[in-house]
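As the structure lists them, so they are numbered: ligands from 1, and atoms in each ligand from 1.
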Amino acid sequence: MDRFTGRTALITGASRGIGLAIAQRIVAEGGSVVITARKQDELNAAVAELGPNASAVAGHADDPDHRVAVFAHIAERHGHLDHLVNNAGINPAYGPLLSVDDEPARKIFEVNVLATLAWTREAVAAGLQRSVVNLASIAGLSAAPGIGLYGVSKGAVINLTIQLAHELAPALRVNAVAPAVVKTRFARALYEGNEEQAASVYTLGRLGEPDDVAGPVAFLLSDDAAWITGQTIVIDGGAMLHGIG
Ligand SMILES: NC(=O)c1ccc[n+]([C@@H]2O[C@H](COP(=O)([O-])OP(=O)(O)OC[C@H]3O[C@@H](n4cnc5c(N)ncnc54)[C@H](OP(=O)(O)O)[C@@H]3O)[C@@H](O)[C@H]2O)c1
């Protein structure tokens, strides 16, 4: 497939994990990618792996100056932007909701929700031409013991997707994906040392891999999804069929 030939995609938080798999998919289908993350050395390694159609800008997703630098880079290197993937997400707070302090709570919302809105706003101002995909989570659709506030933030991402899809139509499509546990550094604590047991609740018998998410994201970004907007696709190996969130 060649769905991204001549197109440019911005993917936040893409030096590894799901974001890097999305970047690989877009490059493999003829596109160019601009990726972000906080650590320059990991970004350099990702760009080396992705090849000449990739470039990177380091910074924090919730830093307005970083976003200005990213859009300046895109204007200079590509002159246009077709797709935005709001992938950067954090979870610095574990435990019951009532035990989470204000500061980590605020940070979760700043990165997962407000930065997603800000990247979208600034991408539109920079002339974004086609589509947005936001990374939500099944934690945003069901109870998520121990990571409840993260779930609240991802629930907000799902509703943000609906509101943005409404406001930005018909010029732009905005969708989301809601994965269950995908084997990345972010989710390691949820499966390391007990992967077999963790996988046993999944109808399809295994945890997710980054590419399991990259495929549906590429679909939603592409013209194959030309009549889909405001939707959140659950990517969970069938976990929710058992009522597992
Ligand atoms: N893995 C799962 O099970 C799972 C399930 C559902 C949803 N998700 C969502 O999927 C997205 C990607 O997660 P992942 O599992 O691929 O994580 P990951 O493997 O840990 O990768 C996260 C990426 O984001 C970057 N990053 C982290 N915090 C950032 C920040 N504040 N600003 C800019 N970049 C930042 C990281 O690089 P630096 O550390 O250098 O910044 C890295 O490139 C997140 O939104 C997450 O909530 C993941």
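- Ligand 1 has no N or O atom lying under 3.5 Å from any N or O atom of Ser137, backbone or side chain.
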Item to complete: Evaluate the side-chain contact (heavy atoms from CB on, under 4.5 Å) criterion for residues His83 and Ile26: first the C-alpha distance (whole Å), next the side-chain angles of each, then the deciding distance (0.1 Å), finally the verdict.
Response: CA-CA 10 Å; His83 308 289; Ile26 291 170; 5.7 Å; no

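- In this structure the side chain of Val70 reaches within 4.5 angstrom of the side chain of Trp119, judged on heavy atoms.
- Annotation for ligand 1: atoms under 4.0 Å from non-hydrogen atoms of Val181 are 3 (O).
- The contact set between ligand 1 and Leu135, taken as ligand atoms under 4.0 Å from a residue heavy atom, comprises 10 (O), 45 (O).
- Within 6.0 Å of CZ on Arg106 lie no more than 12 heavy atoms contributed by other residues, nucleotides or ligands.
- Protein heavy atom at the shortest distance from atom 46 (C) of ligand 1 is Tyr150 OH, 3.5 Å.
- Heavy-atom proximity to Gly17, at under 4.0 Å, picks out these atoms of ligand 1: 16 (O), 19 (O).
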Worksheet entry | Test log, rule side-chain contact (heavy atoms from CB on, under 4.5 Å), inputs Val174 and Gln163 | CA-CA 9 Å; Val174 185; Gln163 307 302 338; over 6 Å; no

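- In the model, Ser131 has no side-chain atom that pairs as donor or acceptor with a side-chain atom of Asn175 under 3.5 Å.
- For atom 6 (C) of ligand 1, the closest non-hydrogen atom of the protein is Pro179 O, 3.4 Å.
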Practice prompt. Tell me, with the steps shown, if Asp62 and Leu114 meet side-chain contact (heavy atoms from CB on, under 4.5 Å).
Written response: CA-CA 8 Å; Asp62 57 334; Leu114 295 179; over 6 Å; no

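- Side-chain atoms of Thr120 and Leu168, non-hydrogen and from C-beta on, do get closer than 4.5 Å to each other.
- Atom 17 (O) of ligand 1 has its closest protein heavy atom at Phe186 CB, 3.1 Å.
- With a 4.0 Å cut-off on non-hydrogen atoms, Ala178 does not touch ligand 1 at all.
- In this comparison of Glu42, Arg16, Arg188, the heavy atom closest to atom 20 (O) of ligand 1 sits on Arg16.
- Across Gly19, Ser15, Ala61, heavy-atom proximity to atom 32 (N) of ligand 1 is greatest for Ala61.
- With a 4.0 Å cut-off on non-hydrogen atoms, Lys183 does not touch ligand 1 at all.
- Against a heavy-atom cut-off of under 4.0 Å, Ile90 is close to the following atoms of ligand 1: 28 (N).
- Counting atoms of ligand 1 from 1 in the listed order, those under 4.0 Å from a heavy atom of Gly89 are 44 (C), 45 (O).
- Of all the heavy atoms of Ala14, the ones lying under 4.0 Å from any atom of ligand 1 belong exclusively to the backbone.
- Within the 4.0 Å heavy-atom criterion, neither part of Leu190 lies near ligand 1.
- In terms of polar-atom proximity, Ile18 is counted as a contact of ligand 1, with an N or O under 3.5 Å from an N or O of the ligand.
- Closest to atom 19 (O) of ligand 1 among all protein heavy atoms lies Thr184 CB, 3.3 Å.
- Contact check for Val33 versus Phe4: no side-chain heavy atoms found under the 4.5 Å cut-off.
- Ligand 1 places these atoms under 4.0 Å from at least one heavy atom of Ala187: 1 (N), 2 (C), 3 (O).
- Among all heavy-atom pairs drawn from Val113 and Ser153, the shortest one is CG2-O, 3.5 Å.
- Protein heavy atom in closest approach to atom 5 (C) of ligand 1: Ala180 O, 3.2 Å.
- Shown in contact with Ala136 at under 4.0 Å from a heavy atom are these atoms of ligand 1, numbered in order with element: 6 (C), 7 (C).
- Residue Ala139 does not touch ligand 1, judged by heavy-atom distances below 4.0 Å.
- Looking at atom 23 (C) of ligand 1, its nearest protein heavy atom turns out to be Gly13 O, 3.2 Å.
- Within a 6.0 Å sphere centred on NE2 of His80, other residues, nucleotides and ligands contribute more than 12 heavy atoms.
- Among Arg185, His60, Lys107, Arg38, the residue whose heavy atom lies nearest to atom 28 (N) of ligand 1 is Arg38.
- Looking only at heavy atoms of the protein, atom 39 (O) of ligand 1 is closest to Lys39 NZ, 2.7 Å.
- Heavy-atom proximity to atom 3 (O) of ligand 1, evaluated over Val182, Ile22, Ile11, Asn87, is greatest for Val182.
- Thr161 and Asn134 form a side-chain donor-acceptor contact under 3.5 Å, judged by distance and modelled atom types alone.
- For the pair Thr184/Arg16, no side-chain contact is recorded, criterion being any heavy-atom separation below 4.5 Å from C-beta on.
- The closest side-chain heavy-atom distance from Val133 to Ile22 is not below 4.5 Å.
- Not a single N or O atom of Thr36, backbone or side chain, sits closer than 3.5 Å to an N or O atom of ligand 1.
- If you take CG on Leu221 and CZ on Arg3, they are separated by 9.0 Å, rounding to the nearest 0.5 Å.
- Closest to atom 34 (N) of ligand 1 among all protein heavy atoms lies Ala37 CA, 3.6 Å.
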Worksheet item: Do Val132 and Leu164 pass the side-chain contact (heavy atoms from CB on, under 4.5 Å) test, and can you show the C-alpha distance, the side-chain angles, and the key distance before you say yes or no?
Response: CA-CA 10 Å; Val132 179; Leu164 285 170; over 6 Å; no

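- A perpendicular orientation is assigned to the rings of His73 and His78, their planes being inclined by more than 60° (bins at 30° and 60°).
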